[in-house]
Amino acid sequence: MAPSNFSHLCSRCQVLRFDDSAFGTAARDESGRHHLQINGFDNSRPILAYELEDDMPELPLLTESIRKDGCEFCRMLKASTLQSCSHWAKGVIQVRLLLVFSPEGRFMSVLARVAKPLDGGVHKNGEILLLFGVDGRPNEPCSRWLRLQPSPESTVFSDGNAQKIRNMLEDIEPPEASSSGSFYPTRLIQTGTPEEDICRLVVTDSDLFPRHEQPKYAALSYCWGPPEDAKSQFKTEQATYRDRISGFLLSTTSRIMQDAVEVCRSLGIPYLWVDAVCIIQDDKDDWERESADMTNVYKNAHLTICTPTSTSCREGFLGERTSAAISFRSRINPDNVGSYMIRPCGAISDPRIAEGDYERIDNSDTSPHTNWWKRGWTFQELALSTRVLLFGTKLHLVFEDKFWSEGDEEMTESAGDEPPGFGGMGGMFAVISVADALSAEDNEHMWMSMVEQYTARQLTFESDKLPAMSGLAKIAVLGREDMYLAGIRKEFLHRDLLWTPAMDTDAQGRRESKVSFDSLLASLNAPNPYIAPSWSWARWQGKIRFDESPAPFGDHVPVMKYEGCVETAYEEVKALMTTSKLNPFGQVTAGSLRLTGKVVPVLPQLELQEGLENHREMCDETGKYIANLTFDWDEPQGWVPFERLSLALVGSYWSWQGYKTAKLYDGVSTDDDANSVEYMEDDVDVDDDADMDMVSSEEDESMDTSSEDDEISFEEALARDKDADRFAYGLVLHPAEVEGKFFRVGIFSSWPKGKGGLKGHFDGQSTRTVEIV
């Protein structure tokens with residue numbers, strides 16, 4: 001590259017032309033080529049001599065550097081800071097830069113740490129990590145020396161990229177065939193031609209859309225953006241419906257739709273589905289009917305266009321990519337001279353993400369493109385799709401069993417032991433075409449896993465909580481001929497009910513409070529809007545978990561992993577749901593469970609677990625353990641009416657290892673056929689605050705997890721120990737304002753120690769019926 005093509009840098013940003021001899025040496029790979037070798041793990045993130053203090057939101061220092069020096073990195077840093085730190089009030093910010101190398105020693109990125117000044121040793125409002133990816137042209141000396149990942153094309157959907165996508169789509173399906181089969185959405189957008197530049201909304205059961213042709217359509221998955229953008233975007237309403245049918249200029253539509261139409265035209269796909277245009281937005285019945293059909297819309301699309309780099313309907317995803325060319329000469333080996341490219345990728349939550357390549361960054365929920373990855377609706381849109389064209393930092397084409405990333409010569413087959421879709425690319429959960437797996441009889445835990453992932457996402461309207469998962473819910477329930485109860489499967493009611501709010505932490509690792517007891521009860525008595533019954537995870541605004549420990553140290557209930565036999569412990573349950581007739585998997589207006597079983601009052605002997613306002617250990621009047629209680633509130637509050645709470649027994653499970661650990665803590669012996677070892681507190685030094693799952697003794701060989709009989713059935717355990725007991729769990733209830741009805745306000749688990757377990761405190765208690773709303 002000629003020197004004139006290098007990007008301009010101000011004096012402060014000259015540090016990007018770093019001295020590699022300060023933290024590395026020369027090494028040879030297997031082919032004999034030299035490359036930079038980082039000296040130890042401590043040097044994998046060298047800090048550059050870069051210090052900047054500027055003022056939000058004007059950022060005058062960066063602005064002046066751009067104006068005076070034409071500094072390209074200052075330009076990218078300013079734009080990224082304003083986009084990712086816009087929620088910060090006016091004031092000083094501090095910026096530090098560091099280089100990031102992968103564990104293998106490849107130069108992957110530059111990380112900007114943006115923070116408010118220190119306040120008592122802690123950065124105010126935490127810290128924002130801005131990621132700038134690094135890449136280079138293959139086979140250039142600088143790229144080989146720094147082992148750079150290949151640069152993407154300068155234009156997102158270049159002619160070369162478009163041609164490769166067309167060829168790969170044609171390879172898997174001849175042009176005359178259609179992946180849409182016999183299904184079409186109610187309406188589609190006819191994309192037209194560049195010469196005419198007019199699009200039309202087409203009703204698929206009309207003469208304008210002959211069934212025998214079976215043309216292909218693409219579906220768009222995108223972010224609507226903030227409320228003001230969503231409100232003003234190009235959409236179909238009852239007043240504009242006829243105009244959309246008659247035809248409209250593409251230039252009058254939202255920028256995101258303009259780019260999607262351009263992609264369709266380039267790939268020869270004549271129709272496009274966009275929710276804002278193909279659903280009549282101010283017609284409630286039409287919205288419910290069409291949202292109920294999301295399963296088929298995305299499952300049958302020839303291609304789903306996913307747009308993580310666009311944060312709003314007003315932003316496009318095509319065009320020139322932003323980057324800067326940084327000149328570089330090695331101090332270790334001056335023959336390695338050239339440049340590397342640096343490009344803005346967005347904000348990340350964990351500095352380890354900066355060690356990954358663009359493939360890993362683009363296809364994960366930890367991606368810096370968080371608007372799309374964290375949007376609630378895009379979760380099922382991706383999961384239901386069978387082919388995905390994803391516009392990230394690079395361009396990616398993903399099928400069920402193979403994928404292609406920009407720069408690859410051909411598609412890569414997913415490994416046999418990897419999940420389909422993005423799983424083969426190293427994604428954390430992003431798989432496509434999950435329909436068959438979700439409905440499989442031996443994969444009942446998959447729904448719970450997807451709920452956990454989905455609840456980490458955001459929705460513009462909380463009322464969309466259930467509709468935005470309705471397509472996946474339909475697959476999970478109808479395939480098993482099950483009943484759907486506001487996010488809960490009737491067949492697995494005893495497992496799906498045991499969710500708990502996830503414990504989030506702030507940037508300093510401190511736990512963030514979610515809700516107080518008073519505010520929780522107020523929201524349950526007068527929800528606005530009503531989302532779901534108190535026992536459904538859908539009513540919680542935030543991430544939830546199954547298999548979460550109701551105790552702080554590993555005392556979890558394995559309802560999700562199914563480690564051991566999990567069974568119901570109630571006598572009967574009747575469910576009543578009021579849902580939309582058009583979409584029974586969508587919004588609900590009322591719901592209740594009439595549960596008949598053991599319901600006992602919470603005893604006054606509740607010991608607070610230090611540092612965890614939402615956890616109490618319940619004992620009897622003699623101090624013997626009964627249960628661990630975890631509440632749905634965790635904000636400290638002076639008074640909570642614990643005497644009004646009840647425990648409703650829902651299920652039980654068995655674990656031989658867990659039972660032996662419980663007896664160890666209880667000072668009771670168990671008879672093991674192999675060793676007949678006694679587990680006594682006098683023999684083992686037990687730390688009361690230790691993880692109950694991790695307690696062991698060097699003298700206790702029967703606790704060795706490598707033993708063949710680590711897990712045995714409950715019946716086999718009874719043969720060894722006649723007092724063996726199952727673990728119990730259930731819901732914590734509080735009376736509602738309506739007499740005779742209750743809210744779920746937490747969960748509990750009861751280990752078979754002290755007075756706990758299925759035979760303990762619950763044994764001999766009378767059965768009663770409660771209605772949980």
Would the distance check show the side chain of S536 and the main-chain N or O of A486 forming a donor-acceptor pair, the cut-off being under 3.5 Å?
yes
Q: May I ask you to decide if Q233's main-chain N or O and K235's side chain share a donor-acceptor pair within less than 3.5 Å?
A: yes
Working for side chain to side chain contact (heavy atoms under 4.5 Å, CB included), residues F743 and L520
CA-CA 10 Å; F743 294 131; L520 172 66; over 6 Å; no
**Study point:** side chain to side chain contact (heavy atoms under 4.5 Å, CB included) evaluation trace for V745 with L524
**Key:** CA-CA 9 Å; V745 294; L524 293 176; 4.2 Å; yes
| query | W537 vs Y454 aromatic rings, parallel, tilted or perpendicular, using cut-offs 30° and 60°? | reply | perpendicular
- For residues Q453 and S449, is any side-chain donor paired with an opposing acceptor at under 3.5 Å? yes
Before accepting this row, confirm whether a basic side-chain N of the pair K581/E288 lies closer than 4.0 Å to the acidic partner's carboxylate O.
-> no
P467 backbone acceptor or donor facing S470 side chain under 3.5 Å
yes
### Message
I'd like to know if R744 and D632 make a salt bridge, using a cut-off of under 4.0 Å between side-chain N and carboxylate O.
### Response
yes
Check whether W377 forms a cation-pi arrangement with R457 (NZ or CZ under 6.0 Å from the six-membered ring centre, at most 45° off the ring normal).
no
Evaluate V599 against L649 for side chain to side chain contact (heavy atoms under 4.5 Å, CB included), listing each step before the verdict. CA-CA 6 Å; V599 182; L649 186 62; over 6 Å; no
Output yes when a side-chain donor or acceptor of S291 lies under 3.5 Å from a complementary backbone atom of W287, and no otherwise. yes
- For side chain to side chain contact (heavy atoms under 4.5 Å, CB included), just list the numbers for T589 and T579, CA-CA rounded to whole Å, side-chain angles, deciding distance to a tenth of an Å, and then say yes or no. CA-CA 6 Å; T589 54; T579 66; over 6 Å; no
task: May I ask you to decide if the ring planes of Y659 and W654 are parallel, tilted or perpendicular, using 30° and 60° as cut-offs?
output: tilted
| message | So that I can tick it off, tell me whether E771 and R594 are bridged by a salt bridge, with the cut-off set at under 4.0 angstrom between side-chain N and carboxylate O. | response | yes
TODO: Please determine if D620 and K755 form a salt bridge, counting it only when a charged side-chain N lies under 4.0 Å from a carboxylate O.
DONE: yes
Exercise for the section: May I ask you to check whether T236 and Q281 show a side-chain donor-acceptor distance below 3.5 Å? Expected result: no
**Prompt:** How about F642 and F631: are their ring centres within less than 6.0 Å of each other?
**Reply:** yes
message = Is it the case that the side chains of E571 and T596 hold a donor-acceptor pair, with the cut-off being a distance below 3.5 Å and no angle test?
response = no
Check: Do the charged groups of K299 and D293 touch, with an N to O distance under 4.0 Å?
Finding: no
Exercise. Hey, does the side chain of R495 reach the backbone of V559 with a donor-acceptor pair shorter than 3.5 angstrom?
Worked result: yes
Tested for side chain to side chain contact (heavy atoms under 4.5 Å, CB included) against S749, the lone hit among T630, L498, V557 is V557
Smallest heavy-atom separation, P533 atom then R539 atom, equals O-CG, 3.2 Å
Are any of the side-chain nitrogens in R489 or D482 under 4.0 Å away from the carboxylate oxygens of its partner?
no
request  = Check whether NZ of the Lys or CZ of the Arg K598 lies under 6.0 Å from the centre of the six-membered ring of F762 and within 45 degrees of that ring's axis.
outcome  = no
Within the distance-only criterion (no hydrogens, no angle test), does the side chain of E452 pair as donor or acceptor with the backbone N or O of M448 below 3.5 angstrom? no
Legend entry - Distance-only polar pair, side chains of S312 and D229, donor-acceptor under 3.5 Å: yes
**Q.** Between W499 and T455, a side-chain donor and acceptor under 3.5 Å
**A.** no
Return yes when atom CD of E237 has more than 12 non-hydrogen atoms of other residues, nucleotides or ligands closer than 6.0 Å, and no otherwise. yes
Checklist entry - Once the angle between the rings of W273 and Y298 is folded into 0 to 90°, is it parallel (under 30°), tilted (30 to 60°) or perpendicular (over 60°)? => result perpendicular
### Query
Are more than 12 heavy atoms from other residues, nucleotides or ligands located less than 6.0 Å from atom NZ of K759?
yes
